[in-house]
Amino acid sequence: METITQQDLDVFRAETRAWLEANCPESIRQTPKSMEDVFWGGSNPHYKSEDQKRWFERMRDRGWTTPMWPKAYGGGGLSKQQNKVLLEEMTRLNCQTPLFSFGISMLGPALLKFGNEAQKKEHLTAISRGEVWWCQGYSEPGAGSDLAGLQTRAEDMGDHYLVSGQKVWTSYAENADMIFCLVRTNPDAKKHTGISFLLIDMQSEGVSTRPIRLISGKSVFCETFFDNVKVPKENLVGELNAGWSIAKYLLTHERSMIGGIGDVRKEKPLFQMAIDAVGLDNGKLDDPVLRADIARWMIDQEGLMWTIERTTDEAKAGQPIGAKSSFFKYYYTEQNKLKYELLMALNGTEAAIWGDTYDEGKLARDFCRTKGNSIEGGTSEIQLNIISKHILGLG
Amino acid sequence: MALIINEEQQMLKTSAAEFLKEKAPVAALRKLRDEKNQQGYDQALWQQMAEMGWASLVIPEQYGGLDFGYVGLGQLLEEMGRTLTASPMVSTGLVGAHAILLAGNAAQKERLLPAIGAGELIVTLAIDERRQHHPAKTTMSAVKQGNEYVLNGKKVFVLDGQVANQLIVVARTAGKAGDEAGLTMFLVDAQAQGIEIGHQQMMDSRNAATISFENVKAAEVLGQVDQGFEVLTQVLDIACIGISAEMLGTMCEAFERTVKYLKERKQFGVPIGSFQALQHRAALMYGEIEICKSMVIKALQAIDQNNPDLSRMASMTKAKIGETIRLVTNEAIQMFGGIGMTDDEEIGFFMKRARVAQVTFGDYNYHLDRYARLLGF
């Protein structure tokens with residue numbers, strides 16, 4: 001492995017800074033207001049602005065939509081350290097992420113580890129270039145926490161698979177070009193050993209979607225139906241009936257993403273929002289119970305951030321993270337729910353407004369939405385099961 | 001700075017763990033208790049610790065110390081917390097030594113620090129006057145008479161006060177209760193006329209004293225007259241972080257013993273650790289302890305780095321560790337069930353030590369309030 005000296009990194013930092021200064025349009029140097037404002041790519045790309053398009057194309061051409069992926073697959077070929085520098089420099093200018101996709105955050109890492117050369121070449125390149133919008137087909141109506149109980153069938157028809165069944169919670173299925181799916185390929189095997197990982201074109205005959213309305217209102221979630229859908233054999237990732245290990249690997253990725261590792265968004269500290277909303281009395285928040293709750297929340301939040309930092313340092317020193325990502329997923333999502341409880345409390349009657357549009361009743365709706373944090377990506381209870389089994393050894 | 005300990009610190013931690021396991025396990029504390037030992041700790045053991053440099057670990061080399069840093073000291077305290085080792089490490093090694101180091105003049109440091117490091121001198125802080133820790137509310141009076149001051153009042157919960165050679169007494173030379181200004185620290189000989197020491201055995205089988213002062217003459221000021229609060233705050237911040245490291249060791253040991261018990265104890269024909277009702281509570285404790293570990297090492301590093309935010313970090317650490325050790329030791333008793341209620345089983349000692357450590361240098365409520373105050377809300 002080639003070693004990068006501090007001097008090399010300093011040079012890289014200077015070059016990166018200069019390039020970002022010159023190439024990141026002014027209008028892109030701000031935190032996006034919502035997920036609607038970010039660029040998702042896909043075969044039918046929708047840009048919010050010319051600047052967004054320009055920024056995406058420039059970053060794509062450098063391979064910086066996927067900075068750490070190999071250059072051969074459209075990535076930037078950066079080392080961990082260089083990537084850290086890039087992220088720091090982007091944060092410094094408050095540059096938006098040029099491309100969001102489940103291809104980058106979820107399918108990509110799985111393909112890098114489990115895909116064959118042809119799959120990597122085709123799909124990773126298209127993901128880096130933002131040409132294909134991917135969605136995820138895991139959960140089913142009868143398979144939530146018990147994901148391995150999934151029933152969507154893929155039958156071997158000789159030259160293709162024939163897929164039938166239903167997926168649920170498929171985010172952005174309506175916009176997606178492709179879906180990566182867990183399907184049952186051996187109904188007679190034990191449930192974990194009869195599952196395969198399959199890539200399916202959403203344009204195929206027999207695929208249909210239906211949006212799901214949530215307690216928070218309109219959502220990106222859909223139901224996706226497969227009615228005798230033909231899928232080419234080369235779309236199988238990894239070995240037949242060995243899809244569960246890919247699924248587990250991906251779930252760990254999803255968890256650490258939900259767990260907030262790498263979340264660098266800045267906002268006003270909670271106590272400051274409380275002062276603005278409730279006011280001070282003699283230098284103390286004019287609600288002693290809320291004051292204690294907020295102090296407690298802030299202490300736990302800072303402790304969580306330090307624990308992420310410590311775990312990262314330990315990983316660098318050679319201690320594997322292992323099932324700890326379950327702890328981060330659990331703690332981060334419970335903290336986020338609690339934060340919204342506190343925001344509801346400090347905004348009082350104003351927090352109760354629903355309104356006609358999402359923006360009018362944003363807090364109330366966001367509050368409702370946070371309730372899903374400890375359900376999606378494995379419920380809090382499942383995370384606690386994993387911690388007690390894999391970390392504490394309780395069986 | 002990476003949130004991990006270095007090789008030297010790890011070596012100290014490992015050798016301390018071995019030493020304590022052999023010389024000062026929980027059984028040793030039980031023996032001190034059952035013998036109704038008035039000293040409250042094993043003098044010979046304290047001598048050995050001093051010889052190994054434990055009492056002088058963070059004292060600068062010019063005063064005969066090792067200047068090893070606070071992250072290192074934290075490792076020692078954590079290991080002492082695991083074995084519940086009773087010693088003057090907190091009263092003297094942590095608090096007494098720091099008060100002198102931070103507030104003392106050159107002559108005081110030269111006179112006292114080497115003796116503390118050698119394990120020959122017990123110097124403890126007499127600060128609390130009421131049930132609740134609150135330094136600014138000190139009322140004990142110190143009135144100037146010629147070149148001396150005359151002290152009157154009463155101090156409670158003076159750690160190792162029954163065997164101390166020197167007392168660092170916080171008294172009011174100006175202002176009124178509640179004022180931060182007007183506090184002064186005095187170095188007073190524990191044998192001085194007018195001092196009456198009442199020995200108290202505490203819940204954790206360690207010792208503290210209630211000390212009354214009646215017209216006690218004090219000639220030696222530690223630090224500045226009327227301006228003791230600021231340096232006292234520094235001393236207490238370090239004390240809070242140090243005792244948090246000890247409490248971390250105690251909670252980790254209590255938790256590990258509990259998890260081990262969950263695997264061993266069978267009911268209904270299976271280990272009770274196979275029951276989800278207990279698994280989830282154990283997993284929750286695991287997570288809280290992870291948070292505590294990060295806070296303690298971050299806070300210890302903050303002392304070494306002279307972090308200007310030390311007070312806030314000390315309060316958040318003491319608050320969080322206090323709450324978590326309460327959870328972990330209470331749950332330990334519950335999960336040990338009937339056995340946990342017996343004196344024969346050692347787990348009860350952990351809960352008792354937790355209760356005393358929690359109220360030492362301010363409890364959860366005090367530090368949560370202080371944390372918010374320091375942030376301005």
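Chain identifiers are assigned alphabetically (A, B, ...) following the order of the sequence lines, protein sequences preceding nucleic acid strands; residue numbering begins at 1 within each chain. Side-chain atoms are counted along with the backbone in the values below, which use heavy atoms only and exclude waters and symmetry mates.
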Chemist: Shorter than 4.5 Å, heavy atoms on both sides: which option in Asn365(B), Thr317(B), Leu284(B), Val259(B) has the most such pairs with chain A?
Modeler: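 Looking at each option in turn, the highest pair count goes to Leu284(B).
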
Chemist: Within a strict 4.5 Å, meaning less than it, do heavy atoms of the Ile291(B) and Tyr331(A) side chains meet?
Modeler: yes

Chemist: Would you confirm whether Arg373(B), through its side chain, and Lys284(A), through its main-chain N or O, come within 3.5 Å as a donor-acceptor pair?
Modeler: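 Side chain of Arg373(B) to backbone of Lys284(A): no pair is present.
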
Chemist: Are more than 12 heavy atoms, taken from residues, nucleotides or ligands other than Glu7(B), located less than 6.0 Å from that residue's CD atom?
Modeler: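 Result for CD/Glu7(B): open.
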
Chemist: Kindly assign one of parallel, tilted or perpendicular to the pair Phe377(B) and Phe271(A), based on the angle between their ring planes and the thresholds 30° and 60°.
Modeler: parallel

Chemist: Decide yes or no for Met295(B) and Thr307(A): does some side-chain heavy atom of the first lie under 4.5 Å from some side-chain heavy atom of the second?
Modeler: no

Chemist: I'd like to check Lys320(B) versus Asp300(A) (side-chain heavy atoms, cut-off strictly below 4.5 Å). Are they in contact?
Modeler: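 Touching, per the 4.5 Å side-chain cut-off.
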
Chemist: Using heavy-atom distances under 4.5 Å, tell me whether Ala317(A) contacts chain B through its side chain, its backbone, both, or neither.
Modeler: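 The side chain, not the backbone.
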
Chemist: Go through the atoms of Asp281(A) and report whether side chain, backbone, both or neither lie under 4.5 Å from a heavy atom of chain B.
Modeler: neither

Chemist: Got a salt bridge between Glu302(A) and Arg312(B), using NZ or NE/NH1/NH2 to carboxylate O under 4.0 Å?
Modeler: yes

Chemist: Rounded to the nearest 0.5 Å, how far does NZ of Lys389(A) lie from OG of Ser274(B)?
Modeler: 13.0 Å

Chemist: When you compare the side chain of Glu290(B) with that of Phe328(A), does any pair of heavy atoms fall below 4.5 Å?
Modeler: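 A side-chain contact under 4.5 Å is absent here.
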
Chemist: Are any non-hydrogen side-chain atoms of Phe255(B) and Leu392(A) less than 4.5 angstrom apart?
Modeler: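 In short, these two side chains touch, coming nearer than 4.5 Å.
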
Chemist: Is there side-chain contact between His280(B) and Asn385(A), with heavy atoms separated by less than 4.5 Å?
Modeler: yes

Chemist: Rounded at 0.5 Å granularity, tell me how far CD in Glu323(B) sits from CD1 in Ile299(A).
Modeler: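 Answer rounded to 0.5 Å: 10.0 Å.
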
Chemist: Check each atom of Glu381(A) against the heavy atoms of chain B and say whether the ones under 4.5 Å are side chain, backbone, both or neither.
Modeler: both

Chemist: Arg296(A) and Tyr364(B): side-chain donor and acceptor closer than 3.5 Å?
Modeler: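 Side-chain D/A pair, Arg296(A) to Tyr364(B): present.
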
Chemist: Can you tell me if CD on Glu309(A) sees more than 12 non-hydrogen neighbours from other groups inside 6.0 Å?
Modeler: yes

Chemist: If you count the non-hydrogen atoms of other residues, nucleotides and ligands that lie under 6.0 Å from CD in Gln10(B), is the total more than 12?
Modeler: yes

Chemist: CZ of Phe275(B) to OG of Ser388(A): how many Å apart, nearest 0.5 Å?
Modeler: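 Between Phe275(B) CZ and Ser388(A) OG, I get 13.5 Å after rounding to 0.5 Å.
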
Chemist: CZ/Arg310(A) to CD1/Ile4(B) distance, rounded to the nearest 0.5 angstrom?
Modeler: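 The CZ atom of Arg310(A) sits 10.5 Å away from the CD1 atom of Ile4(B).
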
